[in-house]
Trainee: 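Handing you this structure, nothing more for now.
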Amino acid sequence: MGTPLTWTYDAPDGVYKNHAMSGKLMEESAKKMVFVPFTQKVDGYGRHKGESVDLIHVKELDIPANNGQLDERTRIPIDSLEMGTNRITVKEWGRGVEYTNLFEQLSVFNPKQPIQKVLVNQMNECMDNGAAAAFKEAKVCFIPTSLTGGVWDTDGTPSTQALVNLTKDHLGVIRDYMANDLHVPFYEGDNYIGIFATKGLRGLKDDRVIEAWNMYLRKGELIFKSEVGRCEQIRLVESVNAGALTNGVGSSSILGEGVVFGDEAVARAEVDFPELRANPNYQGDFGRKKAVSWYGIIAFGPFWITADDREAKIVRVTSQ
């Protein structure tokens, strides 16, 4: 954090003064976490559990031709259970800011409070960027190429350029593909979650196809942070963080990118979720230099990195 003061000598003996400092500290608007709340913490993992965790998932069993009916003298057939794993490795995250004892003693406000606030803002944005990157590892990509349809890519790399912005028909195509082809379980109730950049939601808002949240939430159900409404059984959440979602991809930057997902999308392995730490004697010098930082040990990763039926849980809406 750069000091907003310019100190000059007021007298030969070195008395300091500052000039025309506002009585109110102005701050930039913070970008809050949108993606992190939709990650699922890995149970049983934490301190002294190693640097990596294997996400174990059991694959669905095939449905037999006779739906499991048995003859009187037939032994129960035994299926083979298939399992898969995805390993995620935790890393250290952190950043800090330095300030001097002189700044603390002579400023008209306490610098500790604004420093802590901007550090929390930075921490939140960094964590959301990390979580968003895990969602965007999805192998299934949908690229809108007309007002009613688009192109599917299932290798994680979009090969076509988007030609239009998001529409209600696109959400219908995505919802049906997730429900009928990928068999993705809903995130909650009968709904998927869609997180989109502002531009991605603009077309839906202009066409007035978004159902207001008070029309589908029942008493006692909670609205998600930044939730704008629902369309095609997808509860829509807005992200204004350009580091998480690009607010303009495709031809003439026409599309705001996003992700649609169901249950078991992204895991969060944490040893220490990032928190603020203070060092009152940063770099020594008898306490004249101080520092505050945020620090944590955490990792985000998709449960499944596949485009296969009953395994893929995320669709990424994007462009080449």
Side-chain angles (χ1 to χ4, degrees), residues 29-43 55 57-58 60 124 127-128 131-132 134-136 138 140 142 144 148 165-241 244-245 247 256-268 270 273 300 302-304 309-317:
S29 297
K31 297 182 178 71
K32 303 299 183 181
M33 289 188 291
V34 174
F35 279 92
V36 173
F38 292 106
T39 62
Q40 295 176 239
K41 184 178 179 181
V42 179
D43 292 332
L55 307 177
H57 31 258
V58 179
E60 293 286 340
N124 288 345
M127 286 296 97
D128 227 36
F135 278 93
K136 291 162 68 173
V140 181
F142 178 77
T148 58
N165 199 8
L166 192 67
T167 68
K168 179 179 184 295
D169 288 329
H170 296 146
L171 291 183
V173 171
I174 293 170
R175 181 266 173 210
D176 291 350
Y177 186 79
M178 292 176 67
N180 298 320
D181 293 85
L182 298 178
H183 298 95
V184 179
F186 291 116
Y187 183 85
E188 54 79 40
D190 295 325
N191 300 299
Y192 295 118
I193 303 296
I195 304 179
F196 287 91
T198 301
K199 191 167 188 176
L201 297 176
R202 175 45 55 193
L204 301 175
K205 292 179 179 179
D206 290 345
D207 291 340
R208 300 182 180 181
V209 296
I210 298 180
E211 183 183 2
W213 60 265
N214 60 310
M215 300 298 292
Y216 58 83
L217 291 182
R218 293 173 291 183
K219 185 176 180 180
E221 293 180 329
L222 299 178
I223 184 173
F224 296 124
K225 184 174 182 60
S226 301
E227 183 173 358
V228 299
R230 183 178 70 171
C231 183
E232 292 287 352
Q233 288 183 276
I234 300 174
R235 293 177 65 173
L236 301 170
V237 177
E238 181 180 12
S239 171
V240 297
N241 183 357
L245 292 175
N247 201 32
E257 69 172 346
V259 293
V260 182
F261 54 92
D263 190 27
E264 223 179 51
V266 169
R268 183 181 77 253
E270 60 181 70
F273 195 86
F300 302 99
F303 280 97
W304 302 79
D309 176 24
R310 301 184 185 278
E311 295 180 6
K313 305 299 171 69
I314 309 167
V315 170
R316 182 183 174 195
V317 181

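All residue numbers in this chain count up from 1 along the given sequence. Values in this document were obtained by computation on a predicted structure and should not be read as measured data.
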Trainee: Can you name the nearest heavy-atom pair linking Val34 to Ser226, along with the distance?
Mentor: CG2-OG, 4.1 Å

Trainee: Start with the C-alpha gap between Leu236 and Leu171, add the side-chain angles, then the distance that decides, and say whether side chain to side chain contact (heavy atoms under 4.5 Å, CB included) holds.
Mentor: CA-CA 10 Å; Leu236 301 170; Leu171 291 183; 4.2 Å; yes

Trainee: State, with a plain yes or no, whether a side-chain heavy atom of Phe35 is found less than 4.5 Å away from one of Ser239.
Mentor: yes

Trainee: Taking atom CZ of Arg316 and atom CD of Glu257, what is their separation to the nearest 0.5 Å?
Mentor: 5.5 Å

Trainee: Counting only N and O atoms by type, is there a donor-acceptor contact under 3.5 Å from the side chain of Asn124 to the main-chain atoms of Met33?
Mentor: no

Trainee: Test of understanding: with side chain to side chain contact (heavy atoms under 4.5 Å, CB included), list the residues that count as partners of Lys225, not counting sequence neighbours.
Mentor: Lys32

Trainee: I'd like to know if the side chain of Asp128 reaches the main chain of Ala244, judged simply by a donor and an acceptor atom lying under 3.5 Å from each other, with no hydrogens or angles considered.
Mentor: no

Trainee: Run through Phe186, Phe303, Phe38 and flag the one making a ring-ring contact (aromatic ring centres under 6.0 Å, His included) with Phe261.
Mentor: Phe38

Trainee: Closest heavy-atom contact between Ala134 and Val266?
Mentor: CB-CG1, 3.8 Å

Trainee: Out of curiosity, Lys313 NZ to Trp304 CH2, how far, rounded to the nearest 0.5 Å?
Mentor: 6.0 Å

Trainee: Would you compute the distance between atom CD of Glu227 and atom CG of Leu217 and round it to the nearest 0.5 angstrom?
Mentor: 6.0 Å

Trainee: Output all residues satisfying side chain to side chain contact (heavy atoms under 4.5 Å, CB included) with Glu238, sequence neighbours left out; order by chain, then residue number.
Mentor: Thr198, Leu201, Lys205, Val228, Val240

Trainee: I'd like to check the side chain to side chain contact (heavy atoms under 4.5 Å, CB included) partners of Val173; sequence neighbours left out, ordered by chain and number.
Mentor: Phe142, Trp152

Trainee: Enter the distance from Asn214:CG to Ile223:CD1 here, rounded to the nearest 0.5 Å.
Mentor: 8.5 Å

Trainee: For Asp263, which residues count as a side chain to side chain contact (heavy atoms under 4.5 Å, CB included) partner, sequence neighbours excluded?
Mentor: Gln40, Pro185

Trainee: For Asn165 and Gly203, work out which heavy atoms get closest and say how close.
Mentor: ND2-N, 4.0 Å

Trainee: Between CG of Leu204 and CD1 of Ile234, what distance do you get to the nearest 0.5 Å?
Mentor: 9.5 Å

Trainee: Would Phe273 and Arg268 count as a side chain to side chain contact (heavy atoms under 4.5 Å, CB included) if you check the C-alpha gap in whole Å, the side-chain angles of each, and the deciding distance to 0.1 Å?
Mentor: CA-CA 10 Å; Phe273 195 86; Arg268 183 181 77 253; 4.2 Å; yes

Trainee: Kindly determine whether Ile174 and Val317 satisfy side chain to side chain contact (heavy atoms under 4.5 Å, CB included), including the steps that lead there.
Mentor: CA-CA 9 Å; Ile174 293 170; Val317 181; 3.6 Å; yes

Trainee: What are the two closest non-hydrogen atoms of Gly262 and Met178, and how far apart are they?
Mentor: N-CE, 4.1 Å

Trainee: Look up atom CZ in Arg175 and atom CD in Gln233, then write down how far apart they are to the nearest 0.5 Å.
Mentor: 4.0 Å

Trainee: Do Leu245 and Lys136 pass the side chain to side chain contact (heavy atoms under 4.5 Å, CB included) test, and can you show the C-alpha distance, the side-chain angles, and the key distance before you say yes or no?
Mentor: CA-CA 9 Å; Leu245 292 175; Lys136 291 162 68 173; 4.2 Å; yes

Trainee: Sequence neighbours excluded, which residues qualify as salt bridge (Lys or Arg N to Asp or Glu O under 4.0 Å) partners of Arg310?
Mentor: none

Trainee: In residues 187-197, what donor-acceptor pairs under 3.5 Å come from side-chain atoms, sequence neighbours left out?
Mentor:
| unit_1 | atom_1 | unit_2 | atom_2 | d |
| --- | --- | --- | --- | --- |
| Glu188 | OE1 | Arg235 | NH1 | 3.4 |
| Glu188 | OE2 | Asn191 | ND2 | 3.2 |
| Glu188 | OE2 | Arg235 | NH1 | 3.0 |
| Asn191 | OD1 | Arg230 | NH1 | 3.1 |
| Tyr192 | OH | Val184 | O | 2.7 |

Trainee: What closest approach, in Å, do Val140 and Tyr177 show between heavy atoms, and which atom pair accounts for it?
Mentor: CG1-CE2, 4.0 Å

